Structure formats: C-alpha cells, structure tokens
Protein chains: 2
Amino acid sequence: MSDRHSLSALMILKLGSLFTLSDEETQALHDLPIQAIDLKSNRDIVRIGDSSLQCFLILEGYASSYKLTPDGQRQIMALHIPGDIPDLQSLYLKRMDCSIASLSPCTVGFFQVEELRRVCARHPRIAAAFWRDTLVDASILREWVVNVGRRDAYTRIAHLLCEFLVRLEAVGLVQGGTFDFPITQANLADATGISAVHMSRALKALRDNGLIQTRRRYLSVPDWQKLQEAGEFDPLYLHLEDNVAAGLLRTSQLETAAL
Amino acid sequence: MSDRHSLSALMILKLGSLFTLSDEETQALHDLPIQAIDLKSNRDIVRIGDSSLQCFLILEGYASSYKLTPDGQRQIMALHIPGDIPDLQSLYLKRMDCSIASLSPCTVGFFQVEELRRVCARHPRIAAAFWRDTLVDASILREWVVNVGRRDAYTRIAHLLCEFLVRLEAVGLVQGGTFDFPITQANLADATGISAVHMSRALKALRDNGLIQTRRRYLSVPDWQKLQEAGEFDPLYLHLEDNVAAGLLRTSQLETAAL
DNA sequence: CGTTGCCCATAACCTGTGTTAACAGGCTCG
DNA sequence: CGAGCCTGTTAACACAGGTTATGGGCAACG
C-alpha cells in the first residue's frame, strides 16, 4: 500500500508539472490500482499491432518506442523516462502503431485502461492533464522530425541529449549535470537515424569538444549553455510550466557556477 | 447559415471517420460559430510562439506545419488537408511550437478555442473524438520519424504519397486514383528532409517506373499496389475505422481493375 | 579462469544525397 | 508583349555518413 503511494507519486509529479491538480484529483490518481513489474533490458513491453487493455507507467529505467522497416532497420521515435505513460494512446486507439521496449532494466506499473477511462470521466481536469500530456508528446515528435530531417549527426545528437536532460530534470533525475545513461550507442543511433559506427564517431567529437563526459553508465554535461548551442536547442516545444522552466534556468546557472 | 452547414460538414465527416457521433453531437458541431477566410498560397496562418485564442479548420486547399532551423533550413512535419484542424493542440498548449502555412490557395474556418472547450465539456464523446484525432496525428508523426530517419529518398517519397492519397480518400477527394496536387517539389523536399534537386531526381524515377503520373496540378497513381510496395506503406498507423479501411481496399481494387 | 557475448573504437572504402550552376517552360503583371 | 519570377530539370562535383571489417575491454557465467 505504501508502495502504491510511491509508485503513482512519480506520475503525479509529471502531470503536476503539466497542470495543477487538486487534492481530490491527486487522491483519485493515488487510488488507481497498479501492478508493478520488473523487466530486464531490451524486452518488448507492448508490440505493434497489439490491442491491449492495459497501459503502463515507467517507474524506473528507460524505454523506447520503435518500429522496424521491412529490411530490418530500426527507428526509435520516442524515449521514455520515469513518470511517462508511453502507451497512453491506448486510451482511444485500438491497436498499437509501434512497439515499446525497455532500454535498460526497468520497473513498470500496469493499470487497466478501463480504470483510467473511468477516472477521466469522473475528473475532467485529469482527462485534460492526460490529453495535454499526449499533446506534448506530439510536440516532441514534431521536433524529432526536424532533428532527423534537417540537422547533421553532431547537432542531432546534441539536441537529443539536451532534450533528455531537460526531461529528466523535470522529474528530478539529474544531479549537478549528471544523469544515469545506460543507453547503448546502437540505440542512440536508432533514435537519431544514423548508423552505430557514425554514432561512435560523433560522440567522440562531442567528448573532444568538452560538451559531454561519459563515465561508466553516467553522462555529464559540463557546460549546459554550450551543449544547447551545439544542439540548436530551444525548450519551447517541451511546453514546460513556467515554474519548471524557471527551475531549469536556475539549475543551469548553478551548474555553470559550479565550474 | 446554409454556408455554416457545408463548412462544418467536412469536420463532421472527418470526426465521424474516427468515432461515431450521435445526432445531438453532430448538431453541437454544426452550431459552432465559424468564420471562413480565403488565403493565397504560402501564407502563414499561425506562427511558432503564438498563443492564439482561435483554432482553424481547413475547408479547402492544403497546409503544412513547419519549423525553421537557425541556418534557414525548413522542415515540414505535417501536411494538412480539408477536414483537418491543424492547431487543435491550442486547446491545451499555450504556445504554438511550430508555424502553419498554406501550401496552396486555401479556405480556412476560424473558431474560438473557448467555444470548442465548451463543446468538449458538454459533450464528452466529442472531446474523445478530438482527443482521438490528436492521437492519430501523433501516430502519423511517429511514422514520419521512421520515414525521414530510415528510408531512402525514393521510398520516403512513395510513402508520403501513399499516406496523402489515403487521407484524401477518407474525405472523398480522390477520383479514380487522381487528386489535386499543387504542392511544389521544394515543399515536398522540406516534408521529406531531402533537397529540392534530389526531389526532382526521385520524382523522375517514380514517374519512369510508372508509379505516379503528374499532369498539370494533378497527381495520379496508376497502380496503388505497386506504390504501396515501393513506399513500404502499411496504413495501420492511420487508425482508420474498419469501414473506411474496407472502402480503401475496395477503391484500390476498382482502380487496378480499371487498368 | 577461460569462454562467450556484448559494447565500443577505429580504419578503409563506398554511395546516396547535397551543392552549385545553368537553362527551359510557363505565370503574372506592368 | 516583354520582363521578371517561380518551378522544374539536368549535369558535375563534393562530402557526410553508411558499410564492412578488425580488435580490445569488460561483464556474466559455467
């Protein structure tokens, strides 16, 4: 039971960053029955074509939405972090149009789509918050089209890392510019539409230019300002609440000050 | 008044293809006050950063969502056809994260976001239909990421054309495999993330292979089956209602029979 | 404590696509 | 009716990034 509390806390944090929730609404989310499951890395959670009656919330670890082309190439079109509900679309779409897999060891919490629909019907503002969440996901996808369509590999990767950092920061998973980063170069390549070999080259360039540091399974950003410039990054499209955006700015100042 | 009827008819057709609406719900949509405006080609309708109090419905012509990179490159991340509400996201996002411009002479109908919110509050199933619509748009964006990230220019263009044809067909704008196509090669290039010159080369290849025919401002698809194969096209991601999908299949058979 | 299997790095070579430029056809507009 | 302008075509050349191959580090496991 206390488990439950901490499980949904993350989702509430996320939704709260998009939309201010009342106590009653918060309670309604707390009361959603949820079943937590642990997963190894690289496991499909849902598959393209599935029509599932459940949704899941990421509690720990990272996941990705992806598709395969007929010749076996893979494209990742979304990265998911703790607090995300990657298949929230199942609320209104019958079949999954992509697969979702863990990118690292993960804990995910499953709940019934039916239950979620009920909560949405009873609490229109929660429905609005979820809707808003899916709209932000769509906005991120628009930026990804730009990223993959018009930026060169170096810029593209810098942009991806900027976005990842900001999103992690919003759920409190960045400490002093450093965050957990167990994602392989092959996966990063699939997310940016380049080859794994070239990902290796480009990451080396980013390292050599002092934009990122990779130690073990962690990634650090020593100069947030410079990485943003390298990635042509403007967080507008993340539609953060003003207070969150302000927090980001503050953090970035702290970081640069810490140098 | 009779004007109004025909204006919203298109939107109702579109929503109806996503979700079955009751008479009362249909009426509520009819009653939405809407202001029609004519536009020339290549005019911005909304701009990135705007926080608008209105949404618009495309009544005639095509439009695109796009962003510019700092060095002046353009990426189109969505094509909009009659029946679409390209900035429906304004319902819950404060600022536009992309610009939207006409791709051809257009008629668009503006309505107040506030009015729309009221209709959604009063008619939960309409809200659901709109939500579903935005979810389908997100699904299309996912496919675009795959398209731009992992397919070569030839396949990519074929895929884009397949999608365009299917979406037009769903609102009755295709006759015998032929549809209005006033979109310049430069715009197509921006939508697929390639250069205008290479777009010209690739379109020539598609023509030479008999996959498309371009006459004046129209485009024909003489062999729907072959174009689908060339574009690795699977309409699953468009989340069409079964009856619409069946209609498509029928049409495609008629077409091939007509040859 | 060797084996197996990732993951990453690097080199050599190849190719799809970008770039630049020049030209032709068709619109629009004075 | 000619001047511009936009659109599309084609050619020659350049280069970012793909492909293939090899080797090294390291964790998991028997």
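Note that the coordinates shown come from a computational prediction; the quantities given were computed from them, not determined experimentally. Within every chain, numbering begins at 1; the chains are lettered A, B, ... in the order of the sequence lines, protein sequences first and strands thereafter.
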Is there a side-chain contact between A/V166 and A/L240, using heavy atoms and a 4.5 Å cut-off?
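Yes. Closest side-chain heavy atoms under 4.5 Å.
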
For residues B/R167 and B/D84, determine if any side-chain heavy atom of one lies less than 4.5 Å from a side-chain heavy atom of the other.
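A side-chain contact exists here, since the closest heavy-atom pair is under 4.5 Å.
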
Going by atom types alone, do B/Y154 and B/N209 pair a side-chain donor with an acceptor below 3.5 Å?
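Checked: B/Y154/B/N209 side chains pair up, N/O donor to acceptor below 3.5 Å.
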
Any chance the side chains of A/R151 and B/T69 put a donor and an acceptor closer than 3.5 Å?
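No, no side-chain donor-acceptor contact under 3.5 Å.
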
Separation of [N] [atom2] from [X] [atom1] (nearest whole Å):
| X | N | atom1 | atom2 | answer |
| --- | --- | --- | --- | --- |
| A/R217 | D/dA27 | CZ | C1' | 9 Å |
| A/M199 | D/dT19 | CE | P | 14 Å |
| B/L188 | C/dT17 | CG | P | 16 Å |
| A/L203 | D/dG17 | CG | P | 13 Å |
| B/D208 | D/dG8 | CG | P | 17 Å |
| B/R151 | C/dG16 | CZ | P | 18 Å |
| B/I194 | C/dT19 | CD1 | P | 12 Å |
| A/D190 | D/dG18 | CG | C1' | 14 Å |

Five-pair end axes of the helix from C/dC1-D/dG30 to C/dG30-D/dC1 and the angle they enclose, rounded to 10°
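About 40°, once rounded to a multiple of 10°.
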
Base of D/dG17, side chain of A/R156 - is there a donor-acceptor contact under 3.5 Å?
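No.
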
- Message: Does A/R201 contact D/dG18 through a side-chain donor or acceptor facing the base, at a distance under 3.5 Å?
- Response: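 It does, because a donor-acceptor pair links the side chain of A/R201 to the base of D/dG18 below 3.5 Å.
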
Non-neighbouring partners of A/K204 that pass salt bridge (charged side-chain N to carboxylate O under 4.0 Å, His left out), sequence neighbours left out:
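Counting only residues at least two positions away or on another chain, A/K204 forms a salt bridge (charged side-chain N to carboxylate O under 4.0 Å, His left out) with A/D208.
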
So, is [X] near the phosphate of [N], with a side-chain N or O under 4.0 Å from OP1 or OP2?
| X | N | value |
| --- | --- | --- |
| B/R207 | D/dT9 | yes |
| A/S200 | C/dA9 | yes |
| A/Q73 | D/dG18 | no |
| A/Q185 | C/dA9 | yes |

(message) Surrounding CZ of A/R47 (heavy atoms of other residues, nucleotides or ligands, distance under 6.0 Å), is the total greater than 12?
(response)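 Open.
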
Check every atom of [options] against the side chain of [X] and return the nucleotide holding the closest atom.
| X | options | value |
| --- | --- | --- |
| B/H198 | D/dA16, D/dG18, C/dG18 | C/dG18 |
| A/V197 | C/dA11, C/dT20, C/dT17 | C/dA11 |
| B/K204 | D/dT19, C/dT10, D/dT10 | D/dT10 |

* Asked: Once the angle between the rings of A/Y237 and A/H159 is folded into 0 to 90°, is it parallel (under 30°), tilted (30 to 60°) or perpendicular (over 60°)?
  ->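 The rings of A/Y237 and A/H159 lie parallel, inter-plane angle below 30°.
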
Inset, instruction - Mark yes or no for whether B/Q54, through its side chain, and B/F110, through its backbone, hold a donor-acceptor pair below 3.5 Å. - result: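 No; zero donor-acceptor contacts below 3.5 Å.
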
- Item | Earlier contact from the 5' end, DNA chain C, for A/R150 and A/T184 |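 That would be A/T184.
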
